[in-house]
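Beneath this line is the structure, given in structure tokens, with notes to follow.
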Amino acid sequence: MKHYSRVRAEIDLDRFDQNLLAIRKALPDHTSVIGVVKADGYGHGAVPLARRMQECGFVSGFAVATAQEGLSLRRAGIAKPILVLGYSFPEEYEEMVRHQISAAAFTDEMLEQMSRAALSLHGEMGVHVAVDTGMSRIGVEPDESGAAFLNRAAHTPGICLEGAFTHFATADERDKERTNCQFSRFVGLLELAKKRYGVTVPLRHASNSAAVLDLPEAGLDAVRAGIILYGLWPSDEVNRSAVQLQPILSLYSQISFVKTLDAGREISYGGTFRTESPTRVATVPVGYADGYPRGLSNKGEVLICGKRARILGRICMDQFMVDITHIPEAAQGSPVTLIGQDGAERITMEELGEKSGRFNYELACCLSKRIPRVYRSGQKTVAEKDYFDDPG
Ligand SMILES: *Cc1c(COP(=O)(O)O)cnc(C)c1O
């Protein structure tokens, strides 16, 4: 096992299991969970987490953003259904048919090209019709044209209509009026398709994480749970008591250098921080190239020996400095917690988001591939992912 002293993200798989169970408990029995593992599982590592979810009866499949992400799950032996939520490109269809990766469909041209790809391989393309009920991103309209499209999807050779979905734009806001509106448009379209054409859709799904927390009754056949799997919150307006979540990722480093600076010394690029009195300063060998936001310059804090140490000056690409004047026991080699718990103190992705002016989703996705991921269960390391091991 490697040491990863400079920086490592530890992902707690036991907490991940607990999050999954908590989500399950909040949903009606007939509603399954589609694990959203796009963007490498929001930076947490899609493969190890999908492997963990494979074992779970109530996880009916996985959702990703791109065909490539789906293929990488298949290469890792993930066997459950995989849906690409975004636009899939025609040149990807054959590969998707071969590996049974389902696509979102929303134009006739897509249906035709998918059908052609499937028939050329004597296979089938699984399709979920995307319905635009208010996000204005992708999807058919929830009207007669959408119902007719569902009918065509159901009857195009080579196409298997597996599901239909819509996506909420404001489910993370306290006021659920627009979300309820989107939901009734979606359900209305499914009813219309049934009434006009007798089309029934096997898997109907609408909810994202925020709707899982606040509108469990919108669960339909499945929910697409993303951010809450990782123990992070969709926003600060959702009900945080609905589901017991715990963040699963911690980010650790070590002090690389310690010195005491006299009053009047400037710290880091631009000299934006100036010591006013003798200051004990520690260097941390992590920077914005690791995805640690530069916006935390002169604002953020880290945990050292169970205490908060504030960032002095600008975050560099690969290093930054913190004030440890009040932590005499801190020394070169002392552990530094950038995200996670140390003693009674805790720094969350949400706190970093607020302080850096970024979004917790974005922070998680942007933890760079320079950070190795270490997977822990029962106090033991059970898997590791070092992106530099890939020979390229
Ligand atoms: C990303 C995404 C989700 C998951 O959203 P969370 O807020 O992370 O739960 C669900 N559905 C679609 C279409 C998405 O793009």
Side-chain angles (χ1 to χ4, degrees), residues 16 19-20 22-24 26-27 31-44 46 49-50 53 59-70 73 81-88 101-106 127-140 142 162-173 176 179 182-183 186 203-216 218-240 242-243 245 247-249 349-350 353 358-366:
F16 180 71
N19 289 343
L20 258 177
I23 293 165
R24 158 78 286 176
L27 293 168
T31 303
S32 70
V33 172
I34 297 173
V36 181
V37 292
K38 60 192 179 188
D40 199 23
Y42 295 42
H44 294 67
L49 297 181
M53 286 188 272
V59 176
S60 54
F62 303 105
V64 292
T66 69
Q68 258 188 333
E69 290 179 341
L73 290 180
I82 297 175
L83 167 64
V84 176
L85 295 168
Y87 176 70
S88 300
I101 293 171
S102 306
F106 41 93
V127 150
H128 292 233
V129 170
V131 182
D132 181 6
T133 57
M135 179 78 180
S136 307
R137 190 165 67 176
I138 53 170
V140 299
E162 293 174 339
F165 71 104
T166 193
H167 190 49
F168 297 138
T170 60
D172 62 338
E173 292 176 11
K176 295 292 188 277
T179 305
Q182 281 195 264
F183 185 65
F186 182 57
L203 198 75
R204 303 158 303 162
H205 46 111
S207 292
N208 54 4
S209 291
V212 169
L213 301 177
D214 285 355
L215 290 173
L220 297 174
D221 303 311
V223 297
R224 300 183 306 276
I227 199 86
I228 52 175
L229 289 175
Y230 312 101
L232 303 174
W233 298 99
S235 76
D236 51 19
E237 292 185 28
V238 295
N239 175 10
R240 293 202 183 185
V243 180
L245 297 178
I248 65 167
L249 183 144
M349 203 81 81
E350 283 80 11
R358 275 165 71 181
F359 184 39
N360 59 344
Y361 284 64
E362 186 190 347
L363 275 178
C365 296
C366 293

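Atoms within each ligand, like the ligands themselves, are counted from 1 in listed order. Keep in mind that the numbers below use all heavy atoms, side chains included, and drop hydrogens, waters and symmetry copies.
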*asked:* Quick one, Trp233 with Asp172, criterion side chain to side chain contact (heavy atoms under 4.5 Å, CB included). Give me CA distance, side-chain angles, the key distance, then yes/no.
replied: CA-CA 9 Å; Trp233 298 99; Asp172 62 338; over 6 Å; no
*asked:* Checking Glu350 against Asp236 for the side chain to side chain contact (heavy atoms under 4.5 Å, CB included) test, could you report, in this order, the C-alpha distance in whole Å, the side-chain angles of both residues, the deciding distance, and whether it holds?
replied: CA-CA 9 Å; Glu350 283 80 11; Asp236 51 19; over 6 Å; no
*side chain to side chain contact (heavy atoms under 4.5 Å, CB included) between Ser32 and Asp221, intermediate numbers included*: CA-CA 6 Å; Ser32 70; Asp221 303 311; 6.0 Å; no
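Between the Glu173 side chain and the Glu237 main chain, no donor and acceptor come within less than 3.5 Å of each other. Asp132 places no side-chain N or O within donor-acceptor distance of the main-chain N or O of Val140, the cut-off being under 3.5 Å. Although no hydrogens or angles enter the test, the distance criterion places a donor-acceptor pair under 3.5 Å between the side chain of Glu69 and the main chain of Ala65.
Within 4.0 Å of ligand 1, counting heavy atoms only, the contacting residues are Val36, Lys38, Tyr42, Leu85, Arg137, His167, Asn208, Ser209, Arg224, Gly226, Ile227, Tyr361.
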